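Read the structure below first, then the notes.
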Amino acid sequence: MIKMIEQIDNSIVLFSIKNEYLEVVVSNYGCTIKSIRMNDIYGNVSDVVLGYDDMTTYKISDGYLGAIVGRVANRIKNGHFILNDKEYHLAINNGPNHLHGGINGFSYQVFNYAIINDDTIEFYYLSNDMEEGYPGNLTIKVTYQLDKQTLIMRYWAVSDQDTLLNLTNHSYFNLSGKADSILNHQLQVNADRFACIDENGLPNGEFRNVFATPFDFSERTLISDALKQEDQQLRLARGIDHSFIFNKNNNQVVLWHQESGRRLTVSSTLPTAHIYTANYLDGRVGKYGQHYYPQSAICIETQFMADSIHLEDIPKVILKKGQVYEESTSYTFEVINHEES
Ligand code: BGC
């Protein structure tokens, strides 16, 4: 069932999408996922994503808590690219680079909305030619559908000129239901390779095999076992803030919190998961009066390769005029008995 639960001003609204397993609260502001409530193994319901109590804080904060990120998620080297022999300059908002669509990217835009049916809501937005420096009038649609234990996010877009597009959702998960450290969570990532970064978090062009590194999550691994290792890549990012390249045909990441029995499975049509252990959360106040510190959550941002425009021979991030961009990512939340887990 979908219900509008709050109209904050003339433009910002909150919707609850609810079934017997989950209640997801979303806003048309940045298509933000504000809360996801689910049971634990003992039947206690709690909220497994970070966020803020009021929508005003989303407007003035960085961190992209729960938001859709675009036009281009992640970093673009020096905020500069060449497309069809034309140079484009974007906002430099992260060291020397462009991050997450710029100053007023999609996370900070008010979307229109339409309730499609009992379990699906659609948000749509027209991003004007040269908005945040990107070419083309771009129409985007983001739908959220709740199907049993799964939240399905579908992205659709089309542009009237060649442009760049790389959408993701930037939810911060903590399956304990509190903003405690996620070091006690376990992670499995179907990726044999990850992208090394420089001191500004930008992929430096080296793709390393995860084998014998702290980035080997090919088997289910306790996050603390990875983060306690002495490693230059971990040091540069103050934790994990790296893109994992999915092995073919199984774009999946699984996160467990054993104590609560909660398990999240992220599945996507997108080829990469940028995994970020919230290393730059700064003690800010979030929901329920909690303070959010580094490593109090984990983001699993499915996307095309970071800085694809510079790193890929045929950059997947280019969306040709008239071509339809269609991708989807789903979050499945389950409660697993201790014996089974
Ligand atoms: C980036 C981080 C950044 C965070 C919040 C992540 O996707 O990789 O470096 O601090 O988003 O902006």
Side-chain angles (χ1 to χ4, degrees), residues 30-33 49-52 57-79 90-109 132 153 164-174 179 182 187 189 191 194-204 215 223 227 232-245 253 255 266 268 270-284 286 292-311 317 329 331:
C31 302
T32 299
I33 297 176
V49 288
L50 272 48
Y52 307 111
T57 317
Y58 287 90
K59 295 185 186 176
I60 55 173
S61 304
D62 63 3
Y64 307 86
L65 276 61
I68 290 297
V69 177
R71 287 192 194 190
V72 176
N74 221 311
R75 292 165 177 83
I76 295 180
K77 187 177 185 175
N78 297 330
L90 308 169
I92 306 295
N93 57 343
N94 187 258
N97 302 311
H98 175 81
L99 178 71
H100 290 339
I103 314 280
N104 275 309
F106 295 163
S107 315
Y108 297 98
Q109 300 298 337
E132 292 298 302
M153 296 170 289
L164 305 192
L165 187 67
N166 193 2
L167 298 173
T168 194
N169 174 273
H170 209 298
S171 287
Y172 287 66
F173 298 103
N174 188 319
I182 42 88
L187 185 69
V189 186
F194 74 102
C196 294
I197 56 167
D198 68 12
E199 65 284 3
N200 297 306
L202 180 81
N204 62 11
F215 298 86
I223 295 180
L227 291 198
Q232 190 233 10
Q233 280 294 313
L234 285 179
R235 225 179 13 251
L236 282 176
R238 304 187 192 174
I240 301 170
D241 192 359
H242 291 79
S243 296
F244 290 75
I245 295 98
V253 177
L255 182 70
V266 177
S268 185
L270 290 156
T272 302
H274 187 87
I275 298 189
Y276 171 55
T277 47
N279 314 321
Y280 299 107
L281 285 180
D282 44 13
R284 67 187 66 183
Y292 295 157
Y293 293 105
Q295 270 99 58
S296 60
I298 181 167
C299 304
I300 301 165
E301 309 160 40
T302 52
Q303 56 194 247
F304 293 134
M305 187 56 217
D307 204 22
S308 151
I309 190 68
H310 297 119
L311 290 181
V317 72
T329 294
Y331 299 151

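Counting convention: from 1, in listed order, for ligands and their atoms alike. Keep in mind that this is a model prediction, so the values were computed, not measured.
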_Shortest protein heavy-atom distance from atom 5 (C) of ligand 1, along with the residue and atom involved_ = Tyr172 OH, 3.9 Å

*asked:* Students should be able to answer this: which protein heavy-atom is nearest to atom 4 (C) of ligand 1, and at what distance?
replied: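 Nearest protein contact, heavy atoms only, for atom 4 (C) of ligand 1 is Tyr276 CE2, 3.5 Å.
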
*asked:* Any side-chain to backbone donor/acceptor pair from Thr277 onto Ile240? Under 3.5 Å, distance only.
replied: yes

*Counting each atom of ligand 1 from 1 as listed, which ones have a heavy atom of Glu301 under 4.0 Å away?*
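Answer for ligand 1: 6 (C), 7 (O).
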
*In terms of atom number and element, which parts of ligand 1 are under 4.0 angstrom from non-hydrogen atoms of His274?*
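Going through ligand 1 atom by atom, the ones under 4.0 Å from His274 are 8 (O).
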
*Kindly confirm or rule out an N or O of Tyr280 lying under 3.5 angstrom from an N or O of ligand 1.*
no

*More than 12 foreign heavy atoms under 6.0 Å from CZ of Arg284: is that the case here?*
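Above 12, so yes.
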
*Pick, from Leu202, Leu99, Asn74, Asp241, the option with the minimum heavy-atom distance to atom 8 (O) of ligand 1.*
Asp241

*Answer yes when Asp198 and Lys77 have at least one side-chain N-carboxylate O distance shorter than 4.0 Å, and no when they do not.*
no

*Over all heavy atoms of both residues, which pair between Asp62 and Tyr108 is shortest? Give the atoms and the distance, please.*
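Smallest interatomic distance, heavy atoms only, reads CA-OH, 3.6 Å.
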
*Would you please classify the geometry between the Phe194 ring and the His242 ring as parallel, tilted or perpendicular, with 30° and 60° separating the classes?*
perpendicular

